[in-house]
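First up is the structure itself, then whatever we jot down about it.
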Amino acid sequence: MELRLFLVGFGNVGQGFARLLASRREWLIEEAYLSCRVVAITDWHYGTCIHPRGIDLEEALEAIRRGHSLSAKAEPTLPLIQTLEYDVLIELTPTNFKTGEPAYRHIRCALERGRHVITTNKGPMAHFLLELEELARRKGVCLGYEGTVLAGTPLIRLIRSHLRGAKIQKIEGIVNGTCNYILTRMAEGLDYHQALKEAQKHGYAEADPTVDVEGWDTAAKLMILSQVAFSRKLDPTHISRTGITGIRSEDIRQAGRNGGQWRLIGRLEAQKGHIRAVITPETLPGTHPLAHVKGTTNAVTIHTDCLSPITIMGPGAGRLETGFAVFSDLLQIHQRLRE
Ligand code: HSE
């Protein structure tokens, strides 16, 4: 089978995915019987490249590595989504936490056209996941968004597939890589600004890192998980949210002297017909499993009515790590099409 891909957004995640796709080309054909052809890439910064017969990804990646663009200027995105011939839209533009735009319009437009969509964009999924899933269902196409929470660590698939039928009561854990990285590095002696700078350099932080450190990114992920686990949309104004900006180096040293660690914890709890969502930094004792989750590693514990708590831990941010989520969603779509 062949799938034609259209990449909208060629930043950290887009390039991570392209690298994976290029390196697994033969594996995909020989082991998965899937041939992927990237027919277009567009990015507001790097420009637009359209090749119905397939773009050479290694060439495109190399051009960007050398500081070149794909074209002199980017073409308007929506008309391309409306008119190009492709099977899967891969929407990887920067997240807009307030409105989900313009990604929401991009995703809607492709689904309306009966195209499959994969995204790692948290804004549209936080606000419109249930609505977009309903649209995808009506159109008979797939919508993959594994990379919106915990990057390539398969939390969403775990909840949707493996825990189907178990009644989820509570979900809690560390879902922001940047904050966890900063708290870890501060415990190792760096000050807040040095640690944040490092997180930005590695490509973990959002374009505007205040959304990480003030807890907005965690809020968006809780909004996504609430829809995945409880089929309930959360109003962001109903989320109690405290970020990590108030934590001083002295607080971290003090916790360390007592064997503890500061962690930013997001928690969703089903309570008498409504979902309570709280984001707050907590000092965890050294005996707490989440105290040992370091750097950009994330970990989430799921409490159900029939199993003892299940914890999934793994990378929560990063180019290749999030690119892998896109790759895995692509394989999932392929599997669905073969059924
Ligand atoms: N800025 C996000 C984080 C990226 O640090 O977790 C992954 O969603």
Side-chain angles (χ1 to χ4, degrees), residues 9 11-17 90-98 100 103 118-127 129 144-157 171-186 190 192-193 195-228 236 239 241 243-245 247 262-267 279-281 290 293-300 312-329:
N12 285 331
V13 181
Q15 291 173 38
F17 168 67
I90 302 187
E91 216 293 347
L92 309 172
T93 60
T95 278
N96 173 335
F97 288 90
K98 283 207 178 101
I118 297 172
T119 188
T120 59
N121 203 315
K122 290 161 276 191
M125 301 317 283
H127 293 284
L129 188 149
Y145 50 89
E146 184 62 62
T148 54
V149 189
L150 258 64
T153 309
L155 171 65
I156 289 171
R157 206 149 289 144
I171 299 182
E172 60 187 343
I174 298 165
V175 295
N176 182 272
T178 301
C179 288
N180 211 54
Y181 184 85
I182 293 173
L183 294 173
T184 305
R185 294 295 279 145
M186 283 174 79
L190 258 62
Y192 172 82
H193 295 286
L196 172 58
K197 230 181 221 148
E198 275 192 9
Q200 287 179 295
K201 193 182 88 198
H202 293 307
Y204 306 140
E206 297 300 308
D208 169 8
T210 55
V211 300
D212 289 296
V213 296
E214 290 179 358
W216 288 110
D217 178 78
T218 299
K221 287 165 178 165
L222 292 189
M223 288 166 77
I224 292 170
L225 290 176
S226 173
Q227 294 171 87
V228 171
I239 301 176
R241 178 185 49 81
I244 62 162
T245 47
I247 301 177
W262 280 94
R263 292 289 177 256
L264 184 69
I265 304 296
R267 191 168 282 120
I279 298 156
T280 182
L290 295 186
V293 176
K294 295 201 170 151
T296 52
T297 303
N298 286 185
V300 169
I312 181 164
M313 179 166 118
R319 298 176 175 98
L320 218 52
E321 291 83 348
T322 314
F324 180 76
V326 177
F327 185 78
S328 125
D329 277 341

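Nothing here was measured: the structure is a model prediction, and the numbers come from that model. Nothing fancy with the numbering, it's 1 onward along the sequence. Below, all heavy atoms of this structure are taken into account, side chains as well, without hydrogens, waters or symmetry copies. As the structure lists them, so they are numbered: ligands from 1, and atoms in each ligand from 1.
With a 4.5 Å cut-off on side-chain heavy atoms, Tyr145 and Thr120 do not count as touching.
Using modelled atom types, one finds no donor on one side chain facing an acceptor on the other under 3.5 Å when comparing Asn121 with Thr119. Counted by atom type alone, Glu146 and Thr148 present zero donor-acceptor pairs between their side chains at under 3.5 Å. No hydrogens or angles considered: a donor-acceptor pair under 3.5 Å links the side chains of Ser328 and Arg157.
Near Lys221, with a cut-off below 4.0 Å to any heavy atom, the atoms of ligand 1 are 2 (C), 3 (C), 6 (O), 7 (C), 8 (O). Close contacts between ligand 1 and Tyr204 involve ligand atoms 1 (N), 2 (C), 3 (C), 4 (C), 5 (O) [criterion: under 4.0 Å to a heavy atom]. Ligand-side atoms of ligand 1 in range of Asp212: 1 (N), 2 (C), 3 (C), 5 (O), range being under 4.0 angstrom from any heavy atom.
Judged as a side chain to side chain donor-acceptor pair (under 3.5 Å), and not counting sequence neighbours, the contacts of Arg319 are Asn12.
Scanning all protein heavy atoms for the shortest distance to atom 5 (O) of ligand 1 gives Thr178 OG1, 2.6 Å. Of the protein's non-hydrogen atoms, the one nearest atom 2 (C) of ligand 1 is Glu206 OE2, 3.2 Å.
Considering CG of Asp329 and CD1 of Ile118, their distance stands at 5.0 Å, rounded to 0.5 Å.
When non-hydrogen atoms are compared, ligand 1 lies under 4.0 Å from the backbone of Asn176 as well as from its side chain.
The closest non-hydrogen atom to atom 7 (C) of ligand 1, taken over Gly177, Ala151, Gly318, Gly316, comes from Gly316.
For the pair Thr148 and ligand 1, the shortest N or O to N or O distance does not fall below 3.5 Å.
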